[in-house]
Amino acid sequence: MNISLAWLNNYIQSTLDVQEVSEILTSIGLEVGGVEEHESVRGGLKGLVVGKVLTCIDHPNSDHLHITTVDLGDGVPTQIVCGAPNIAAGQTVVVATLGTTLYSGEDSFTIKKSKIRGEESFGMICSAKEIQVGQDSDGIMVLADDVKAGTPAAELFDLKSDYIIEVDITPNRVDATSHYGVARELHAYLKTHAPEKIVSFTPPMKSVELLHEKQSMKNPVTVTIDKESAVVRYSGIVIDNLKVAESPEWLRKALEAIGQKPINNVVDVTNYVLHSIGQPLHAFDLDKLSQHTISVRSAKAGEKLLLLSGAEHELVPQDVVIADAERPLCLGGVMGGEDSGVSESTTRIFLESANFNPTCVRKTARRYALNTDSSFRFERGLDPEATLPALVMAAELLKEIAGGEIASPLTDYYPEKKEPYRVDFSLQKLTSTAGYEIPEATVRTVLKYLDINIAKESNGIWALDVPRYRVDVTREIDVIEEVMRIFGYNNIPMSYTLKASLNHVTETDKSVEAQRIIAEMLTGAGFAEILNNSLTSSKFFLDHSLVGEDEIVTLVNPLSSDLNVMRPSMVKGGLEVIDFNSKRKSGPLSLYEYGSVYHRIDQQLESPTKGYREDSMLALWISGDKWNDHWATNNDSVSTVFHLKAYVYNIMRRLGIAPYHVRYESKSDSPLFAVCEEIRDVKGELLARWGRLSKAVLSDADIAFPVFYAELYWDKLYKIAHSSGIKMKSISKFPAVRRDFALLIDNGVSLVDIERVAYKAEKKLLKGITLFDVYEDPKHLPPGKKSYAVAFELQDEEKTLSDKAIESAMERIHAALVKELGASLR
């Protein structure tokens with residue numbers, strides 16, 4: 001959520017700078033993801049100064065250009081060629097000096113020294129549109145004569161930068177989803193720790209008496225509420241004599257600063273109130289309502305609604321709709337309909353401020369894959385007491401900027417008033433939980449400025465009334481958390497007493513230690529560790545047939561369509577990281593991630609946990625150049641599938657898995673890979689696979705270059721590694737010898753087959769196998785055959801190898817190759 005510092009200052013002004021505000025918000029649980037400077041005028045008018053036109057003559061080589069000299073405040077006349085028809089000597093103008101960048105939409109250009117029709121020009125005299133302070137582009141901007149030459153344009157137009165604070169709101173903190181909500185938190189912190197830094201605190205909530213002034217008037221709208229619908233409170237008024245137009249500049253700039261697009265003054269007011277105090281509003285064009293009727297009810301099966309997004313949906317009875325006498329107009333708490341919205345011809349509206357059941361809103365939003373500012377707040381639980389203050393705020397703004405006036409009695413359906421949460425709290429429990437005695441006076445201050453009222457005190461127990469907008473504070477431990485976070489976790493001293501529980505090393509501990517070792521090895525090889533969400537989109541995996549639909553673990557109530565399943569593979573998360581970084585010119589990339597993947601293995605589930613499988617995985621991704629451009633490398637330095645294969649082999653070797661414990665296979669029918677190899681154990685169980693990802697998968701991820709991916713089943717590999725008994729041993733003192741075979745083999749035989757057979761035949765002396773030549777020629781070789789030149793490295797760790805031992809080992813290898821692969825020597 002974006003918070004404008006200037007907007008925040010409407011409610012709390014302090015002596016803090018934006019960095020201090022960000023640090024405080026993070027410390028109290030409203031984590032700041034980033035701060036950006038926002039310029040109301042792009043470029044901040046840097047390089048633009050006021051100038052006085054001293055002379056102006058016609059250009060000798062043009063019928064419309066003029067040669068001027070301009071005083072820029074430095075006492076030296078500056079020559080500028082200008083084509084504006086209204087340029088004249090004696091004017092006060094705005095000049096873009098050399099080096100200034102001017103902007104037009106997404107385009108920009110820099111003012112440079114130039115020759116125009118043979119005459120030198122050292123700047124540019126600007127129009128209002130060219131410097132983004134107006135729309136007039138027919139001529140240059142002429143200022144009042146009393147403006148001093150050399151004055152920066154930013155000072156002249158009182159241009160001030162705003163700062164946008166990106167606050168990551170946790171799901172339980174709906175009370176902080178507005179500028180006032182954040183200001184309220186900041187106020188509570190400063191009142192506790194530094195009250196002298198507060199300049200002013202001005203809550204936006206005003207008296208609701210304004211809404212009751214027209215109670216004697218006849219209501220032009222008939223409002224009916226279905227008591228069975230999920231409506232907690234429904235309030236509304238009619239506002240007449242509106243003039244729908246563009247919003248004033250202050251309102252447009254406020255919304256633009258936080259990333260909202262201004263539409264018109266009525267819609268902009270509802271958005272402004274939403275982001276000010278967190279209460280959604282909706283404006284219905286009264287003249288579009290059939291029989292001037294508003295009906296809040298459950299949807300009828302088969303009803304259809306065209307939403308503002310342009311999508312039409314068929315509704316179900318579980319949806320709450322706002323309807324007129326003929327049709328539904330909007331999805332309650334989610335989105336308005338296309339047919340009832342405000343347009344330029346609108347003169348009167350029914351302004352709605354409601355509160356809906358959060359569960360109902362959440363299910364409706366997920367059902368139609370909608371995520372709006374309104375549903376984001378409603379589904380987390382809003383305070384029904386905020387509906388009327390929001391109406392007052394909107395009505396006053398519409399009166400001010402649209403000429404509107406209240407033209408009906410207040411409609412206020414509120415069958416069950418929501419009282420504050422009653423919570424019992426004790427200082428003793430706070431102290432035992434915090435491990436530190438926070439002063440009672442401080443606790444009282446924190447509670448007071450969090451709007452938590454101490455209703456009664458008896459025998460050390462405080463009966464607290466917690467405001468309804470704090471839906472996350474309903475238990476004593478919640479109150480303790482509130483006190484501790486405002487007091488500051490960092491202000492609680494650490495104990496110097498070490499308390500430890502010593503346990504024996506478990507298999508899990510050993511597995512985690514092995515993960516650490518492999519992680520250090522990969523990091524040392526240039527890899528970066530990543531961590532992705534285990535929730536992902538099913539569409540990616542189903543579109544490419546990477547898993548069957550019956551294998552996917554689907555969430556019952558997903559947050560969105562992009563997070564509707566547990567990941568069946570880790571490939572997508574890594575591709576998103578590669579796509580994000582490559583578009584920001586960051587590369588080459590070598591990534592690894594430890595995590596879990598999930599599969600459904602049984603349709604008939606007897607319990608919530610049966611029928612599912614969770615596998616621990618290690619995934620690797622490499623892409624881009626193997627090395628950056630360097631004189632010592634050639635053009636063949638890009639990463640290949642063989643680089644990835646080497647990393648997989650090194651992991652196996654580091655885990656102590658001998659080649660004869662596994663077997664290698666090539667695959668050609670995987671929808672994930674264009675080229676793929678696998679490692680399986682002696683029983684045929686898949687241990688790892690790697691290869692170059694297919695073009696279809698990469699295209700879906702918007703990646704136009706090769707990416708190589710490996711996934712290793714960690715638990716299975718660790719089990720083999722653990723059973724193999726990894727031992728430390730010294731480097732052999734005795735020399736290794738090499739013997740070569742030129743093997744004539746079938747085309748379907750690969751090096752991995754040769755390795756598997758050879759290691760199985762000679763487990764003690766064989767230390768390495770290298771393929772150093774491949775020869776394929778149908779003219780000189782039998783049909784279906786190829787020649788592999790393979791080097792075998794033999795070594796005895798206890799003595800120097802004798803010729804007899806070498807020949808004996810090579811004979812065993814040869815015999816096995818002949819028997820199992822049909823190989824022969826050339």
Side-chain angles (χ1 to χ4, degrees), residues 1-38 161-201 203 257-259 275-278 373 376-377 380-381 430 433-436 438 442-443 445-452 466-467 469-473 477-494 529-533 559 580:
M1 184 184 71
N2 290 334
I3 293 295
S4 159
L5 185 62
W7 197 335
L8 194 67
N9 287 339
N10 291 339
Y11 308 121
I12 181 167
Q13 292 189 356
S14 68
T15 59
L16 305 174
D17 59 30
V18 66
Q19 188 60 39
E20 291 172 315
V21 170
S22 300
E23 290 173 358
I24 290 173
L25 293 180
T26 298
S27 73
I28 60 178
L30 303 182
E31 184 177 353
V32 173
V35 176
E36 290 187 5
E37 184 176 3
H38 175 78
S161 291
D162 190 9
Y163 292 92
I164 305 304
I165 306 171
E166 181 186 346
V167 180
D168 298 328
I169 300 295
T170 53
N172 63 323
R173 292 304 308 275
V174 67
D175 63 291
T177 56
S178 66
H179 283 77
Y180 175 59
V182 173
R184 187 169 49 205
E185 289 286 295
L186 187 60
H187 179 246
Y189 179 89
L190 291 178
K191 275 293 186 180
T192 304
H193 297 281
E196 72 281 358
K197 294 188 176 182
I198 300 175
V199 176
S200 64
F201 179 65
I258 61 171
H275 291 282
S276 289
I277 62 177
D373 286 334
F376 177 82
R377 289 161 175 80
R380 284 160 173 76
L430 170 63
T433 302
Y436 176 74
I438 300 174
T442 301
V443 176
T445 299
V446 170
L447 295 178
K448 175 182 177 181
Y449 291 105
L450 286 176
D451 293 340
I452 299 176
V466 181
Y469 66 77
R470 290 307 306 270
V471 295
D472 60 319
V473 184
I477 193 65
D478 298 329
V479 176
I480 291 173
E481 180 187 7
E482 292 300 293
V483 174
M484 290 177 64
R485 71 180 181 85
I486 297 298
F487 177 73
Y489 293 111
N490 292 335
N491 294 325
I492 298 175
M494 293 292 294
E529 185 173 10
I530 60 175
L531 181 63
N532 287 300
N533 197 341
L559 293 173
F580 180 88

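Here, residue 1 is the first one in the sequence, and each next residue gets the next number.
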Discussion item. Within this structure, what is the CG-CG distance for the pair Leu25 and Leu186, rounded to the nearest 0.5 Å?
Written reply: 6.0 Å
Worksheet item: Could you give the distance from CD1 (Ile3) to CG (Leu30), rounded to the nearest 0.5 Å?
Response: 9.0 Å
Worksheet item: Does any N or O in the side chain of Asp162 come within less than 3.5 Å of the main-chain N or O of Ala6, such that one atom is a donor and the other an acceptor?
Response: yes
Discussion item. I need the minimum non-hydrogen distance between Glu482 and Asp472, along with the two atoms involved.
Written reply: OE2-OD2, 4.2 Å
Worksheet item: Going through the distances and angles, do Tyr189 and Ser27 end up as a side-chain contact (heavy atoms from CB on, under 4.5 Å)?
Response: CA-CA 10 Å; Tyr189 179 89; Ser27 73; 4.2 Å; yes
Worksheet entry | Any donor-acceptor pair under 3.5 Å from Glu20 side chain to Asp17 backbone | yes
Item to complete: Inspect the contact between Arg173 and Glu31 and indicate whether a charged nitrogen and a carboxylate oxygen are less than 4.0 angstrom apart.
Response: no
Item to complete: Please report the closest heavy-atom contact between Val483 and Val446, naming both atoms and the distance.
Response: CA-CG1, 3.9 Å
Worksheet item: Between Asp373 and Arg377, what is the shortest heavy-atom contact and its length?
Response: O-NH1, 2.9 Å
Worksheet entry | Derivation and outcome, side-chain contact (heavy atoms from CB on, under 4.5 Å), residues Val167 and Ile169 | CA-CA 6 Å; Val167 180; Ile169 300 295; 3.6 Å; yes
Worksheet item: For residues Tyr180 and Asn10, is any side-chain donor paired with an opposing acceptor at under 3.5 Å?
Response: no
Item to complete: I would like to know whether Ser276 and Tyr11 meet side-chain hydrogen bond (donor to acceptor under 3.5 Å, both in side chains); could you show each step before the answer?
Response: CA-CA 9 Å; Ser276 289; Tyr11 308 121; 3.3 Å; yes
Worksheet item: Rounded to the nearest 0.5 Å, how far does CG of Asn491 lie from CE of Met484?
Response: 11.0 Å
Worksheet, complete the sentence: Residues Tyr469 and Asp175: closest non-hydrogen pair is O-CB, 3.5 Å
Worksheet entry | Leu190 CG to Glu196 CD distance, which is reported to the nearest 0.5 Å | 8.5 Å
Worksheet item: Do other residues, nucleotides or ligands put more than 12 heavy atoms under 6.0 Å from Glu37 CD?
Response: yes
Worksheet entry | Test log, rule side-chain contact (heavy atoms from CB on, under 4.5 Å), inputs Asp478 and Val466 | CA-CA 11 Å; Asp478 298 329; Val466 181; over 6 Å; no
Worksheet item: For the residue pair Asn9 and Gln13, what are the closest heavy atoms and their distance?
Response: O-CG, 3.1 Å
Worksheet item: Can Met1 and Val182 be said to form a side-chain contact (heavy atoms from CB on, under 4.5 Å), step by step?
Response: CA-CA 11 Å; Met1 184 184 71; Val182 173; 4.2 Å; yes
Worksheet item: Taking the six-membered ring for Trp, are Tyr449 and His187 ring centroids under 6.0 Å apart?
Response: yes
Worksheet item: Would a distance-only check, ignoring hydrogens and angles, find a side-chain to backbone donor-acceptor pair under 3.5 Å from Arg380 to Val174?
Response: no
Worksheet item: Side chains of His275 and Ile258: does their closest heavy-atom pair fall under 4.5 Å?
Response: yes
Worksheet item: Hey, what do you get for OG1 (Thr433) to CD1 (Ile477), rounding to the nearest 0.5 Å?
Response: 4.5 Å
Worksheet item: Would you say the side-chain atoms of Thr26 pair up with the backbone N or O of Ser22, donor to acceptor, closer than 3.5 Å?
Response: yes
Worksheet item: Angle class for the His179/Trp7 ring planes (parallel below 30°, perpendicular above 60°, tilted otherwise)?
Response: parallel
Discussion item. Can you tell me how far apart CD1 (Ile480) and CD1 (Ile438) are? Round to the nearest 0.5 Å.
Written reply: 9.5 Å
Practice prompt. Indicate yes or no: at least one non-hydrogen side-chain atom of Leu447 is less than 4.5 angstrom from one of Val479.
Written response: yes
Worksheet item: How close do Ala188 and Leu450 get, heavy atom to heavy atom, and via which atoms?
Response: CB-CD2, 3.9 Å
